[in-house]
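A short worksheet on the structure shown next.
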Amino acid sequence: MLDVLAVTVPVFLIIGAGYLAVWQGLFSQGQVDGLMVFTQRFAIPCLLFLAMANLDIAAGFDWRLLVAYYSGSLVCFAMGIAGTILWLKRGAEDAVAVGFAAMFANTVLLGLPIAERAYGTESLAPNFAIVALHAAFCYFTGVTAMEIVRAGGGGFIGGVRAVARSLSRNSLMLGVALGLVVNFTGLPLPAPFKEATQLVASAALPAALFGLGGVLVQYKPEGDARGIALCCGIALILHPAWTWAAGHLLGLAQGPLRAAVLTAAMAPGVNSYLFAAMHGRAVRISASSVLIGTALSVLTVSIWLLVLG
């Protein structure tokens, strides 16, 4: 157990340091916003670019890995919708927002640093394969459901176009896309460019973890307690459990299985709140689930690390 805590505690200590720094006024919210702009638009895209450029495509994009993880995402989305309608007695639009929060794991800011500390940098190829599809898959699923609920065909087409435009300008997706171009074409990277990119990428995860803690200060634990419990329970328990079972049924090798389950065990990401705010539905549940889910994941992720060995 001490070995597991040695993996998880340092990650959450950095998040806690960011939270305390902003809470105590040592770091302003504006400074945190600037730090997150640096990590989200520059450092993490550099990290993903290098990862995709060097990724063994055949090994990384194993269909069993993607089916195990993303079938779990769809199950969590469906369970979030069903639980919101049947248990919380809320409308279909709120249900889609809660389902999105239950589905959208924090694959980058939490998933990558914990997996790296647990299994080493050389083990991250399956994690990067999941990350490469994550935002597009989740937003397409969430927007499709929301627009079907709201407006039918016309709203759906407009919503999909809006998401496509947004993703095409998203720095993380651009980093993934450019890295894949380099990978497929075999284009050699000039040594100074590669070294500069690696320097920026090396700052990505610690800076992002500190910034995540600062961002969480603005999310207050308020709203429907049952809704928060529903969302966190699905995200932290159902998603990794489903992925673990599916991975075993599909005969997934130990390395990809660890990557899929550990990624699925992450708390809801900040995009959960952004999706809810964009549509004006279940905003407090989504925001609180990001905050409380991140805190609870100290325990749940540690348990899954013990299970995975």
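Note that these values count all heavy atoms, side chains included, but never hydrogens, waters or copies made by symmetry. Residues take their numbers from the sequence shown, with the count starting at 1.
When every heavy atom of Ala92 is checked against every heavy atom of Ile85, the shortest pair comes out as CA-CD1, 4.5 Å. Minimum heavy-atom separation, Val290 to Gly269: CG2-O, 3.4 Å. Contact detail for Ala208 and Met36: the closest heavy-atom pair is O-SD, 4.1 Å. Among all heavy-atom pairs drawn from Thr294 and Ala267, the shortest one is N-CB, 3.4 Å. Nearest heavy atoms, Ala265 versus Leu236: O-CD2, 3.5 Å. Taking each heavy atom of Ala97 and Arg281 in turn, the nearest pair found is CB-O, 3.4 Å.
Residues that satisfy the side chain to side chain donor-acceptor pair (under 3.5 Å) test with Arg90, not counting sequence neighbours, are Asp94.
When the side chains of ILVMFWY residues are joined at heavy-atom separations under 4.5 Å, either directly or via intervening members, Leu250 and Ile130 end up in two distinct hydrophobic clusters. No continuous path of ILVMFWY side-chain contacts below 4.5 Å connects Leu74 to Leu249, so the two sit in separate hydrophobic clusters. If you chain together hydrophobic residues whose side chains sit under 4.5 Å apart, Val67 and Trp242 never meet in one group. At a threshold of 4.5 Å between side-chain heavy atoms, the hydrophobic network of Ile, Leu, Val, Met, Phe, Trp and Tyr places Leu20 and Leu291 in one connected group. Clustering ILVMFWY residues whenever any of their side-chain heavy atoms sit less than 4.5 angstrom apart, transitively, puts Val11 in the very cluster that holds Val7.
Annotation: Tyr219 is in aromatic contact with Tyr273 [ring centroid separation under 6.0 Å]. Aromatic pair His134/Phe104: centroids less than 6.0 angstrom apart.
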> For Leu212 and Tyr19, what are the C-alpha separation, side-chain angles and deciding distance, and is it a side-chain contact (heavy atoms from CB on, under 4.5 Å)?
Replying inline: CA-CA 8 Å; Leu212 174 62; Tyr19 190 98; over 6 Å; no
> Would Ser73 and His239 satisfy side-chain contact (heavy atoms from CB on, under 4.5 Å), going step by step from the backbone distance to the final call?
Replying inline: CA-CA 7 Å; Ser73 295; His239 197 177; 3.4 Å; yes
>> side-chain contact (heavy atoms from CB on, under 4.5 Å), that's the test. Do Leu230 and Ile285 meet it? Break it down for me.
In response: CA-CA 10 Å; Leu230 173 69; Ile285 289 178; over 6 Å; no
>> If you apply the rule side-chain contact (heavy atoms from CB on, under 4.5 Å), what do you find for Phe77 with Ile234, and how did you get there?
In response: CA-CA 9 Å; Phe77 184 61; Ile234 292 172; over 6 Å; no
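Ring pair Phe49/Phe193 is perpendicular by interplanar angle, where above 60° counts as perpendicular and below 30° as parallel.
Legend: salt bridge (Lys or Arg N to Asp or Glu O under 4.0 Å) pairs involving residues 60-83, not counting sequence neighbours, sorted by first then second residue: Asp62-Arg64. Among residue pairs with one or both ends in residues 108-122, none qualify as salt bridge (Lys or Arg N to Asp or Glu O under 4.0 Å); sequence neighbours excluded.
In this structure, the separation between OH on Tyr139 and OG1 on Thr144 is 13.5 Å, given to the nearest 0.5 Å. One finds the CD1 atom of Ile114 at 11.0 Å from the CG atom of Asn127 (value rounded to the nearest 0.5 Å). To the nearest 0.5 Å, atom CG of residue Leu109 and atom CD1 of residue Ile15 are 8.0 Å apart. Distance check: Phe184 CZ to Met52 CE gives 10.0 Å after rounding to the nearest 0.5 Å. Atoms CE and CH2, on Met266 and Trp304 in that order, are 11.5 Å from each other to the nearest 0.5 Å. Note that OG of Ser286 is 9.5 Å distant from CD1 of Ile228, once rounded to the nearest 0.5 Å.
Annotation: side chain of Phe100 is not in contact with side chain of Thr141 (no heavy-atom distance under 4.5 Å). For the pair Glu93 and Thr84, the minimum side-chain heavy-atom distance is 4.5 Å or more. Annotation: side chain of Leu308 is in contact with side chain of Trp244 (closest heavy-atom distance under 4.5 Å). With contacts defined as side-chain heavy-atom distances shorter than 4.5 Å, the pair Leu65/Tyr69 does not qualify. A 4.5 Å side-chain heavy-atom check between Val181 and Leu187 finds every atom pair outside the cut-off. A 4.5 Å side-chain heavy-atom check between Phe210 and Val32 finds every atom pair outside the cut-off. No side-chain heavy atom of Leu178 sits under 4.5 Å from any side-chain heavy atom of Val182. Looking at Thr197 and Leu50, their side chains come closer than 4.5 Å, going by heavy atoms from C-beta outward.
Counting heavy-atom neighbours within 6.0 Å of Trp23 CH2, excluding the residue itself, gives a total of 12 or less.
Between the side chains of Thr263 and Thr107, no donor-acceptor pair is found at a separation under 3.5 Å.
Under the 3.5 Å distance criterion, the side-chain polar atoms of Ser28 are matched with a main-chain donor or acceptor of Gln31.
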